[in-house]
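I have placed the structure first, in the form of structure tokens, so that the comments after it can refer back to it.
Starting from 1, each residue takes its place in the sequence as its number.
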Amino acid sequence: MNYRRTGHAKYATLVSLALALTLTACTPSSPEPGGTPTERPAASSQEVLASPQEVLAAPVAEVDAPVADPDPVAPIPVVEPAPLVVPAPVEVPLVTQPVAEAPAPAPTETVKPAPAVTVPAPEPVVTPIIPLEPSTPHVSPNYPEIGTYTFPDGHISFEVPSGWGMQAEVPVVAPGDDYPYDDHFAIAHIFDENGHNVVDITSGGVGGVVAGPVNRTILDSQKLTSFDDRDGASYFAVFRDVYPFDTAETRFFVGIVPEMLMTEGPDSTSAASFLIMGNGAATAQVNIDPNMTQEAAEAWMQSGQYGKLKALLTSLRYAQ
């Protein structure tokens with residue numbers, strides 16, 4: 001079968017030949033065994049490789065001889081590439097989600113405070129004071145018209161403030177003993193208008209007292225005119241005594257004392273109401289809180305109760 005090469009076949013053959021020559025010229029020669037690599041001599045000016053354009057321009061001999069092709073290959077058809085179709089961008093409409101508005105706050109009602117209710121203070125309950133009947137009949141013929149009380153033996157007497165009460169007590173001091181005053185020892189308990197036992201007075205007693213050093217301040221005093229004891233005059237007194245303990249302690253005293261206790265300063269002795277009278281020992285002491293503060297003592301001494309107590313104790317009299 002006789003055929004002619006097409007232009008495309010000629011062009012492909014020439015390009016392959018030119019590429020092979022170019023690669024051969026660029027490959028270095030192998031070095032000799034055991035020797036050093038030899039350098040390729042530079043190409044002379046006459047050795048010039050033909051360019052691919054010249055090779056393509058050279059005439060190619062036509063092959064007229066028939067070539068037996070037992071298995072002829074069909075020519076490969078040239079497939080034109082399909083055009084690339086790029087789809088146009090699709091515009092997606094923007095959907096705006098409506099924002100729900102927050103509900104307006106409910107109007108706040110102004111709560112007016114309730115009007116203050118004034119609760120009247122409860123009226124104090126006044127408990128009537130029941131006059132106390134003395135357990136021992138009074139020997140004073142004019143009691144209680146003028147408020148004078150006289151002890152059963154008739155030696156000691158005093159004036160009871162208006163509105164106050166009293167109870168007399170005649171205890172047995174020492175049964176079986178031969179004390180000279182056992183038969184007429186008595187105690188008078190005096191109560192204020194509120195029923196408080198504010199002072200106790202004794203007559204015809206026995207015994208004694210023990211005293212210690214104190215630093216004394218006399219806050220009030222008054223000499224009694226008709227109540228002298230065996231050693232001299234007696235006094236109504238209000239003492240503030242500081243005891244020299246490890247921790248100093250202050251005590252207050254209100255009552256009737258002998259003249260020997262009417263001293264001030266650190267050389268004083270502790271107070272006690274104990275007077276030696278003609279019928280035995282007598283005492284007269286106010287029942288107060290001995291550990292009250294100076295401020296409390298000063299305030300109490302301005303009260304009506306203090307004034308009545310002072311009047312009662314300074315009215316003490318001793319009759320032979």
Connected via hydrophobic side-chain network under 4.5 Å: [X] and [Y]:
X	Y	value
V198	F236	yes
Y318	L312	yes
V254	M262	no
F253	F274	no
L219	L313	yes

From the options I288, D289, T293, select the one residue that forms a side chain to side chain contact (heavy atoms under 4.5 Å, CB included) with N291.
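Testing N291 for a side chain to side chain contact (heavy atoms under 4.5 Å, CB included) against I288, D289, T293 leaves exactly one candidate, D289.
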
SB check [X] [Y] (cutoff 4.0 Å):
X	Y	answer
E298	R240	no
R216	D241	yes
K310	D220	yes

Mark yes or no for whether [X], through its side chain, and [Y], through its backbone, hold a donor-acceptor pair below 3.5 Å.
X	Y	result
S273	G255	no
D153	G204	no
T283	I201	no

Specify the closest pair of heavy atoms between [X] and [Y], including all atoms of both residues, with the distance to one decimal.
X	Y	result
S162	K308	O-NZ, 3.9 Å
S270	L261	O-CD2, 4.1 Å
D228	A233	OD1-CA, 3.4 Å
P244	P213	CD-O, 3.2 Å
A272	P258	O-CD, 4.3 Å

Note, [X] side chain near [Y] side chain (heavy atom, < 4.5 Å):
X	Y	result
N287	N197	yes
H189	M166	no
V199	L309	yes

Rounded to the nearest 0.5 Å, what separation is found between the [atom1] atom of [X] and the [atom2] atom of [Y]?
X	Y	atom1	atom2	answer
Y235	K223	OH	NZ	4.5 Å
D231	M260	CG	CE	7.5 Å
S203	M277	OG	CE	8.5 Å
I218	E264	CD1	CD	4.5 Å
E259	S234	CD	OG	9.5 Å
I256	T314	CD1	OG1	7.5 Å

Checking side chain to side chain donor-acceptor pair (under 3.5 Å) for the pair N279/H155: CA distance, chi angles, key distance, verdict?
CA-CA 7 Å; N279 68 335; H155 289 290; 4.9 Å; no

Passes side chain to side chain donor-acceptor pair (under 3.5 Å), Q285 versus D200? Steps please.
CA-CA 6 Å; Q285 184 169 336; D200 295 317; over 6 Å; no

Give the ring-plane orientation class for F151 versus Y149, where under 30° counts as parallel, over 60° as perpendicular and anything between as tilted.
perpendicular

Is the ring pair W300/Y306 parallel, tilted or perpendicular, if the boundaries are 30 and 60 degrees?
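Correct class here is perpendicular.
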
Less than 6.0 Å separating the ring centroids of F239 and F252?
no

For V242 and E249, what are the C-alpha separation, side-chain angles and deciding distance, and is it a side-chain contact (heavy atoms from CB on, under 4.5 Å)?
CA-CA 6 Å; V242 178; E249 182 176 335; over 6 Å; no

Determine, step by step, whether T150 and I156 satisfy the side-chain contact (heavy atoms from CB on, under 4.5 Å) criterion, reporting the C-alpha distance in whole Å, the side-chain angles of both residues, the deciding distance to 0.1 Å, and the verdict.
CA-CA 6 Å; T150 303; I156 297 176; over 6 Å; no

Please walk me through it: do I190 and W164 pass side-chain contact (heavy atoms from CB on, under 4.5 Å)?
CA-CA 7 Å; I190 295 92; W164 287 20; 3.7 Å; yes

Please say whether the positively charged group of R317, taken as NZ for Lys or CZ for Arg, lies over the ring of F227, i.e. under 6.0 angstrom from the six-membered ring centre and within 45 degrees of the axis.
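No; the conditions do not both hold, so R317 does not lie above the ring face of F227.
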
Go through it in stages, so that I can follow the logic: the residues are T148 and S157, the test is side chain to side chain donor-acceptor pair (under 3.5 Å), and I'd like the CA-CA distance, side-chain angles, deciding distance and then a yes or no.
CA-CA 7 Å; T148 301; S157 62; over 6 Å; no

